[in-house]
Amino acid sequence: GGDVGAVGTAVPAAWRFAMSVPPSIATANTKNAVSRTTRNDRNANATITSGGAFNMGKTHADMMRSTPGLEFVAACDLDKTRMTAAQADFPEIRTFTSVKRMLQMEDLDLVTLVTPHNTHGALAVQCAEAGKHVITEKPMCLTVKEADAMIRAGKKNNVMVSVFHN
């Protein structure tokens, strides 16, 4: 069971989260976070953040950690120093400096994008193509073309693509 996602996909009751930004899109000072499930009733979740956005990424990570059914399991940023800080804040997680490597985690269900608006479209498509559900910070993306590509990728890969609302 679960809720219906933004593109009509059923989503589980629990998630594993992650954060990450790919080198091909990101600039220096980009950070990401990931989560892993250790039980069948929990889902792994990740968040992709950029530069100073890690404060918001940390906020998302804290929300994941305080939500029953979610487990924060990893973080990713092009800036290794930020990953050192993430590891200190969340010693139980894995850290990455490559979104591509993070997306190879088999036990990762969902990625939350907390990056510059102009990266949301390409990152969401990359995550969906890796079979991961996606939540973007607002705005979803910058153009209708990007939104259409994100929705197509979600439908094609049977994953949810949604926008975070606080």
If I compare all heavy atoms of [X] with all of [Y], which pair ends up nearest, and what's the gap?
X	Y	answer
Arg65	Phe90	NH1-CD2, 2.8 Å
Gly154	Ala128	N-CB, 4.1 Å
Ile93	Gln87	O-NE2, 3.0 Å
Lys132	Met105	NZ-O, 2.7 Å

Between [X] and [Y] (side chain of the first, backbone of the second, donor and acceptor by atom type, cut-off under 3.5 Å), is there such a pair?
X	Y	answer
Ser66	Asp62	yes
Asn157	Val159	no
Lys80	Thr97	no
Glu146	Leu142	yes

Report yes if some heavy atom in the side chain of [X] is under 4.5 Å from a heavy atom in the side chain of [Y]; otherwise report no.
X	Y	answer
Met160	Asp109	no
Glu71	Met64	no
Ile135	Leu110	yes
Lys58	Asp89	yes
Leu113	Val134	yes
Leu103	Cys127	yes

(request) Begin from the C-alpha positions of Glu137 and Thr112 and carry the test side-chain contact (heavy atoms from CB on, under 4.5 Å) through to its verdict. (result) CA-CA 7 Å; Glu137 256 294 347; Thr112 301; 5.8 Å; no
(message) One pair to check against ring pair (Phe, Tyr, Trp, His ring centres under 6.0 Å): Phe164 and His60. What are the steps and the verdict?
(response) CA-CA 10 Å; Phe164 178 78; His60 279 266; 4.6 Å; yes
Measuring from atom [atom1] of [X] to atom [atom2] of [Y], what distance do you get when rounded to the nearest 0.5 angstrom?
X	Y	atom1	atom2	answer
Cys141	Leu123	SG	CG	12.0 Å
Met150	Thr136	CE	OG1	5.0 Å
His133	Ser162	NE2	OG	11.5 Å

(request) May I ask you to say whether Arg152 pairs ionically with Glu129, meaning some side-chain N is under 4.0 Å from a carboxylate O? (result)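 Salt bridge: no.
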(message) For residues 97-124, which residue pairs pass the ring pair (Phe, Tyr, Trp, His ring centres under 6.0 Å) check, not counting sequence neighbours?
(response)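 For residues 97-124, and leaving out neighbouring residues, the ring pair (Phe, Tyr, Trp, His ring centres under 6.0 Å) pairs sorted by first residue read His117-His120.
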